[in-house]
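Values reported hereafter were calculated over all heavy atoms of this structure, with side chains retained and with hydrogens, waters and symmetry mates removed. For clarity, every value in this text was computed on a predicted model and none was experimentally measured.
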Amino acid sequence: MADTDRPGGQLSRRQVLRGTAAGTTIALASGWVDPLSAAAEPLLGEYDVVVVGAGAAGMTAALTAARRGLSCVVVEKAATFGGSAARSGAGIWIPCNEVLLAAGVPDTPQKAASYLAAVVGPGVPAARRQAFLDNGPAMLSFVMANSPLRFRWMEGYSDYYPELPGGLANGRSIEPDQLDGNVLGAELARLNPPYLATPPGLVVFSADYKWLALAAVNAQGAAVAAECLARGTAAALRGEKPLTMGQSLAGGLRAGLLAANVPVWLTTPLVDLVVEGGRVTGALVSRGGTTGVIKARRGVIVGSGGFEHNAAMRNQYHQQPTGTQWTVGARENTGDGIRAGARAGAALDLMDDAWWGPAIPLPDAPYFCLAERTLPGGLIVDAAGKRFVNEAAPYGDVVHVMYDRNPTDPCIPAWLIVDQYYRNKYLFKDVLPTFALPGSWYASGAVHRSATVDGLASAIGVPAKALRETVSRFNGSAHNGTDAEFARGKSAYDHYYTDPAVHPNSCLAPLWLPPYYAFKIVPGDLGTKGGMRTDARARVLRPDGTVIPGLYAAGNASAAVMGRGYAGAGSTIGPAMTFGYIAANDIAGA
């Protein structure tokens, strides 16, 4: 029986962990730029540590290095700082940190270790998992002690697999608290903008979005919307420039670097690593039209992000279909650091994976679909007009199912089907309930509408009879509150982005009010997961397991400590910051 035909439609652990879980060494691809000789290049500077990338990993590494007494410079390809972290909701998954414990979260190191092991499986060495768990809380305390950043618990945002040993249904994720952008001075203008802008006049946290989607039909949703407005009004009266989510995280880390006198060179892409006698001794960069060398007396830390915007690399490593047009990662993330590391001899792992999630390919930009596919009154179908997955499952799992099934049972694109009753109740992206969807969405083919289910089936090219039967069967499940096909609503996680007023299962409601809508669903991502293989000290490893002296990696430039799993909201940023911290401390303690 195929994994996609398992009872309940759940991914097996074997399915999630298979492939390169044991660590596949990827050979250098033909067509990559040959290493350049640095001997004749001008010297642009000399520091103890050179950090590549001004995202969450790089800025945390640089802040740590500076506060450990090392001279440091950060080089950043973009004209802005913050990378993908600045664009994100900035959830951070770090068990047992002081913010969680102060909030009364019943976490323990034993629970965290059991849970992470169950999610990640044997594909990631236990020592590396333990390094993350041991250093994460210390990293967060360090960041709060050396920057204006403060954090808040995202109460109720469940771990993604709370039923596994050590999982917490009320969640371990935290997010940055509100930050006044005035602390950045002129640097505020160089902060990478968010993926989705907050409505003017509001101060919104990531944890608010689940309630804002319900504001038209739920008293708590309306109260949260009012609170967001009150925060914005208060900040304006104080003369502040309020930042939250990724803007707060990136801004707070940059403020920490300003206080520590760490230079950040923007518009300075990495060209290559300088290797002398088998040791990485610096970085070759392009700055102001000049290619030159920055010497690193102690080490280079690569935190330059993944390769989500490199079409050639995606075509080489990822399953088809894939595309740079479906990612929401920072556009400068083209794998520069990963390729430079490979040229220096690094082994690469997890190159075929990403931080996947269902996305709607809107004409201006892809929309990473969270609440909309989970709210009651919607279902996802494949090209045959049939459901194939628990729509409320963790977003990475949904795309893994899409790729696993697509060769034999086409489901890329898939279609999210909803009715007018759903549209009358819930926010969709930034379109208010009852408001018409933008005409450009229809013109682009990202959404279709019809007065009948049969008409909708015709518009999206699926069998009408099959879609009618699917909707009828789904409606029956909604009425009795049990999804016998895919167990939607069985996990506590499934109920996060739902409507608590819907009974008996807040994940399920029937579709009955025309017109009906279909939104195109493609395999989007927050960034890629594959990169340089590293050890528990964030040191980059060769294929034979030996260390490349002087070279460290963190964030999406390194193969994820989560392996093919995804423990909870913030499983990208939490480890990125932690291994940046580990790398700098390892250099300082050498």
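Rounded to the nearest 0.5 angstrom, Trp326 CH2 and Ile521 CD1 are separated by 11.5 Å. Atom-to-atom distance recorded for Lys295:NZ and Arg297:CZ is 10.0 Å, nearest 0.5 angstrom. Distance CG/Leu164 to OG/Ser114: 10.5 Å, rounded to 0.5 Å. For the atom pair Met577 CE and Leu63 CG, the distance stands at 9.0 Å (nearest 0.5 Å). Going from atom OG1 of Thr80 over to atom CZ of Arg254 covers 12.0 Å, rounded to the nearest 0.5 Å. Expressed to the nearest 0.5 Å, how far OG1 of Thr267 lies from CZ of Arg190 amounts to 9.5 Å.
Shortest non-hydrogen contact noted between Trp93 and Gly568 is CD1-CA, 3.8 Å. Between Ile582 and Ala536 the shortest heavy-atom distance is CG2-O, 3.7 Å. Pairing each heavy atom of Ile548 with each of Gly345, the nearest pair is CD1-C, 3.6 Å. The nearest pair of heavy atoms linking Gly91 to Ile573 is O-CB, 3.8 Å. Taking all atoms of both residues into account, the shortest heavy-atom contact from Gly256 to Ser147 is CA-CB, 4.1 Å. Nearest approach of Arg129 to Val124, heavy atoms of both residues: NH1-O, 2.9 Å.
With a 4.5 Å cut-off on side-chain heavy atoms, Ile294 and Val73 count as touching. Pro358 has its side chain out of reach of Phe519: every pair of non-hydrogen atoms, C-beta onward, lies at least 4.5 Å apart. Taking 4.5 Å as the limit, some side-chain heavy atom of Ser491 sits within range of a side-chain heavy atom of Pro162. Residues Asp107 and Leu168 meet the side-chain proximity criterion, which asks for heavy atoms closer than 4.5 Å. Using a 4.5 Å heavy-atom threshold, the side chains of Val522 and Gln325 count as separate. The side-chain heavy atoms of Pro361 and Pro366, taken from C-beta on, include no pair separated by under 4.5 Å. In this structure, the side chains of Ser206 and Met154 come closer than 4.5 Å at one or more pairs of heavy atoms. Looking only at side-chain heavy atoms (C-beta outward), Phe388 and Val401 come within less than 4.5 Å of each other.
At distances below 3.5 Å, at least one donor-acceptor pair connects side-chain atoms of Ser84 with backbone N or O atoms of Ala330. Distance alone, capped at 3.5 Å, is enough to place a donor-acceptor pair between the Glu76 side chain and the Ala54 backbone. Using a distance-only test at 3.5 Å, with no hydrogens or angles considered, no donor-acceptor pair links the side chain of Thr578 to the main chain of Pro575. The backbone N or O of Asp159 sits nowhere less than 3.5 Å from a side-chain atom of Arg172 that would complete a donor-acceptor pair. A donor-acceptor pair is defined here as one N or O able to donate and one able to accept, closer than 3.5 Å; such a pair exists between the side chain of Asn315 and the backbone of Ala311. Side-chain N or O atoms of Ser141 include one that pairs as donor or acceptor with a backbone N or O of Pro137 at under 3.5 Å. A donor-acceptor pair under 3.5 Å is absent between the side-chain atoms of Thr546 and the main chain of Arg542, judged by distance alone. Remark: the backbone N or O of Arg298 is not paired with any side-chain donor or acceptor of Asp48 at under 3.5 angstrom. Counting only distance, with no hydrogens or angles, the side chain of Asp409 and the backbone of Asn406 share no donor-acceptor pair below 3.5 Å. Between the side chain of Glu175 and the backbone N or O of Ile92 there is no donor-acceptor pair closer than 3.5 Å.
The ring-ring contact (aromatic ring centres under 6.0 Å, His included) test with Tyr395 is passed by exactly one of Tyr160, Tyr497, Trp355, Tyr496: Tyr160. When the options Tyr493, Trp356, Tyr566 are evaluated for a side chain to side chain contact (heavy atoms under 4.5 Å, CB included) with Pro394, the one that passes is Tyr493. Of the listed residues (Asp352, Asp525, Thr528), just one forms a side-chain hydrogen bond (donor to acceptor under 3.5 Å, both in side chains) with Arg314, and that residue is Asp525. For the side-chain hydrogen bond (donor to acceptor under 3.5 Å, both in side chains) with Lys77, the lone residue among Thr268, Asn333, Thr334 that qualifies is Thr334.
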Leu266 vs Phe81, side chain to side chain contact (heavy atoms under 4.5 Å, CB included): CA-CA, chis, key distance, verdict: CA-CA 7 Å; Leu266 302 177; Phe81 67 88; 4.1 Å; yes
Check the pair Met351 / Ile338 against side chain to side chain contact (heavy atoms under 4.5 Å, CB included), numbers first and verdict last. CA-CA 10 Å; Met351 294 294 283; Ile338 297 171; 4.2 Å; yes
Using side chain to side chain contact (heavy atoms under 4.5 Å, CB included), reason through Tyr552 and Val300 one step at a time and then give a plain yes or no. CA-CA 6 Å; Tyr552 296 76; Val300 174; over 6 Å; no
Decide yes or no on side chain to side chain donor-acceptor pair (under 3.5 Å) for Glu391 and Thr374, but give the supporting numbers first. CA-CA 6 Å; Glu391 295 88 351; Thr374 300; over 6 Å; no
Steps toward side chain to side chain contact (heavy atoms under 4.5 Å, CB included) verdict (Leu149, Ser248): CA-CA 8 Å; Leu149 279 168; Ser248 175; 3.9 Å; yes
Worked check of side chain to side chain donor-acceptor pair (under 3.5 Å) between Asn556 and Glu308: CA-CA 10 Å; Asn556 288 350; Glu308 55 267 25; 5.3 Å; no
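Electrostatic pairing of Asp382 and Arg405 counts as a salt bridge here, judged by a charged N lying under 4.0 Å from a carboxylate O. Ionic pairing of Asp535 and Arg539 is present here: one or more N-O contacts between side-chain nitrogen and carboxylate oxygen are shorter than 4.0 angstrom. Look at Arg488 and Asp494 and you find no salt bridge, because none of the NZ, NE, NH1 or NH2 atoms lies under 4.0 Å from a carboxylate O.
Taking the six-membered ring where the residue is Trp, the centroids of Phe307 and His318 are separated by under 6.0 Å. Aromatic pair Tyr161/Tyr115: ring centres not closer than 6.0 Å.
Between the side chains of Asn192 and Arg87, no donor-acceptor pair is found at a separation under 3.5 Å. A donor atom on one side chain and an acceptor atom on the other are found under 3.5 Å apart for Glu276 and Thr281.
Using the six-membered ring where Trp is involved, Tyr581 and Phe142 have ring planes that are tilted, between 30° and 60° apart.
In this structure, Lys429 places its NZ atom where more than 12 heavy-atom neighbours from other residues, nucleotides or ligands lie under 6.0 Å away. Surrounding CZ of Arg331 are at most 12 heavy atoms belonging to other residues, nucleotides or ligands under 6.0 Å away.
Scored by the ring-ring contact (aromatic ring centres under 6.0 Å, His included) test, Tyr47 finds no partners at all (sequence neighbours excluded).
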